[in-house]
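In what follows, a structure is listed as structure tokens, so that the remarks can point back to it.
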Amino acid sequence: MEIKERKRYSANIKKFIIDIMILLLLILTAEGVIYQFKSSVFEVSGRAELTLGLSERNGGIFLKYEDINALEANTGNGAVAYSGEISGAAGYEGKYERVCIMASNEYVFDYYPYKIIKGNFLTKLHCENGSRVAVISRILAERLFMSCDIIGYGIYIDGSLYRVAGVYDEIITPVTLFSLDDAERVFIPLVSYDKFAEIPISSIFIGGDGSGGDSGNGSGSGNGDGYDLGYFTGRMGEKYYTRLKAYDIKGYTRSPEFISQFVKVDFFAAGLFLIFLFLRRMISATGAFYFRLKGSIKDSYLTEALKKQKKSILLYIAEMAVIIAGVLIIYYIVHFTPFLPEEFIPEDNLFDAGFYFGRFVEYIRTENNVNFRGTIYNICFKTSLIYILFLSLFIFIYLIKTFSRILKLTANKTFQGVNPAGNDIYRKV
């Protein structure tokens, strides 16, 4: 019987080690996704995005180049990234390819998972002077020129001659792998394009957190969630309301924090279980100490018994101090403040089911609205979120498996109950 128990115990130990290894692998994978989203792709935390609806681009309701100055001046942000997307053609010596012309400024490249492999991106001088320069993709360079060493070469973009200033390539990561589209983007200074004043600004990225007061009156929410229609209208004026309303406004001010908190929930659950184990040990040790002391008091007076059990008392106090310190340290490591954007929290009643249902319906409608085409950053955000949700779920499942196995392994060791006649550290001095 004892041999069977030992074999079973040994098998459980092996399973426990395998569970721990899988758990660590899942945690490392989740942390890798968060890292890729936060830094390896592009850093957009602390910023917001305005995306123009597709139908509004033909309806004349949009912001133009002249409005960007007003946006920068009234929001106090001089590094607004903007672009107007134009379907066109790019060619060289009779070879032409359909491309997406990104009439933009020098800050736009930060919002794409691209890297420059030859030359440079658009500069401030290029954009201010309307220089006829272009930054094209590696794929387009190879199709048109059969090479990437083409800095200074001429390229025709919608019939106008530009010079190649740089060649970029895609950054392939687990996050961008399912987020990149097939568009061959050609970046040119907005003011270099003919009739640039009439081009609809289709994407705008703005820095800061939109803080400063109540977002309802257009002054922000004060905690990094203030970018909304009220924010921009309050600063730019009511005359911009109709144009601003044509844009889908998304705040990315705390997107890395929002994504990473799902893994933090798993760590918090693990911490609670460890605290539970510490508390069970505390109860077990207290019970054992109580029976030792009780048995000692039966044979002598209390003062005498305390003197006899002096070592046991000191050991008990030391163990309690270690347990309490362990509980406090674990809680300090795993505790966190959950974050949910204010727009998803009811103002009056936290348990307002109608509010949550309405927000869910609105989210589904927005996500299935072909009028608003998601930017690459937005797609990367959703891809990362899906990865993390699945990984955090598997981490939680393996946490439960691992902890249940710990309980089985310790069932006949530490937590089987307190036996007053048992062998423990408080038995004899």
Side-chain angles (χ1 to χ4, degrees), residues 23-24 26-39 43-49 175 208-216 220-228 231 249-279 326-364 366-367 377-378 380-400 402-403:
L23 189 59
L24 288 173
L26 287 170
I27 291 170
L28 287 172
T29 305
E31 289 297 327
V33 171
I34 293 167
Y35 172 78
Q36 291 285 350
F37 177 73
K38 287 168 70 175
S39 55
E43 182 55 62
V44 194
S45 58
R47 306 187 189 184
E49 171 196 2
V175 171
D209 63 3
S211 60
D214 178 14
S215 63
S221 65
N223 66 351
D225 303 319
Y227 282 128
D228 55 18
Y231 171 90
I249 302 172
K250 289 186 175 72
Y252 296 118
T253 55
R254 296 173 71 181
S255 53
E257 181 186 350
F258 180 75
I259 283 178
S260 61
Q261 70 180 344
F262 295 99
V263 179
K264 289 179 182 176
V265 169
D266 293 325
F267 280 112
F268 186 71
L272 287 181
F273 188 83
L274 290 174
I275 289 170
F276 169 74
L277 291 180
F278 271 104
L279 293 178
V327 168
L328 292 174
I329 289 168
I330 290 168
Y331 179 76
Y332 176 77
I333 292 171
V334 302
H335 89 285
F336 73 103
T337 305
F339 161 65
L340 193 65
E342 282 191 352
E343 62 200 75
F344 297 106
I345 303 173
E347 287 185 13
D348 303 320
N349 180 13
L350 192 62
F351 303 100
D352 185 355
F355 172 85
Y356 293 114
F357 180 74
R359 293 299 303 172
F360 176 73
V361 171
E362 185 182 334
Y363 172 79
I364 294 298
T366 305
E367 291 305 304
Y377 181 84
N378 188 40
C380 284
F381 172 77
K382 290 175 185 175
T383 304
S384 302
L385 185 57
I386 291 167
Y387 281 156
I388 292 299
L389 285 173
F390 275 108
L391 286 167
S392 61
L393 177 62
F394 283 118
I395 289 170
F396 189 74
I397 290 168
Y398 268 90
L399 278 174
I400 294 171
T402 305
F403 292 145

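Index from 1, following the sequence.
Considering CD1 of Ile34 and OG1 of Thr29, their distance stands at 11.0 Å, rounded to 0.5 Å. Note that CD1 of Ile275 and CG of Leu328 are 8.5 Å apart. Values are rounded to the nearest 0.5 Å. Residue Phe278 holds its CZ atom at 7.0 Å from CG of Leu274, rounded to the nearest 0.5 Å. Atoms CD1 and CG, from Ile27 and Leu399 in turn, are 6.5 Å apart once rounded to the nearest 0.5 Å.
The minimum heavy-atom distance between Phe268 and His335, with the atom names listed, is CD1-CA, 4.0 Å. In plain terms, the two heavy atoms of Ile259 and Ser384 that are nearest each other are CD1-CB, 3.8 Å.
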Which donor-acceptor pairs under 3.5 Å do the side chains of residues 385-398 make with protein atoms, sequence neighbours left out?
unit_1: Tyr387; atom_1: OH; unit_2: Pro174; atom_2: O; d: 2.8
unit_1: Ser392; atom_1: OG; unit_2: Ile388; atom_2: O; d: 2.9
unit_1: Ser392; atom_1: OG; unit_2: Leu389; atom_2: O; d: 3.0

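Side-chain contact between Val263 and Phe267: present, with at least one pair of heavy atoms (C-beta onward) separated by less than 4.5 Å. You'll find the side chain of Phe273 stays beyond 4.5 Å of the side chain of Ile400, heavy atoms only.
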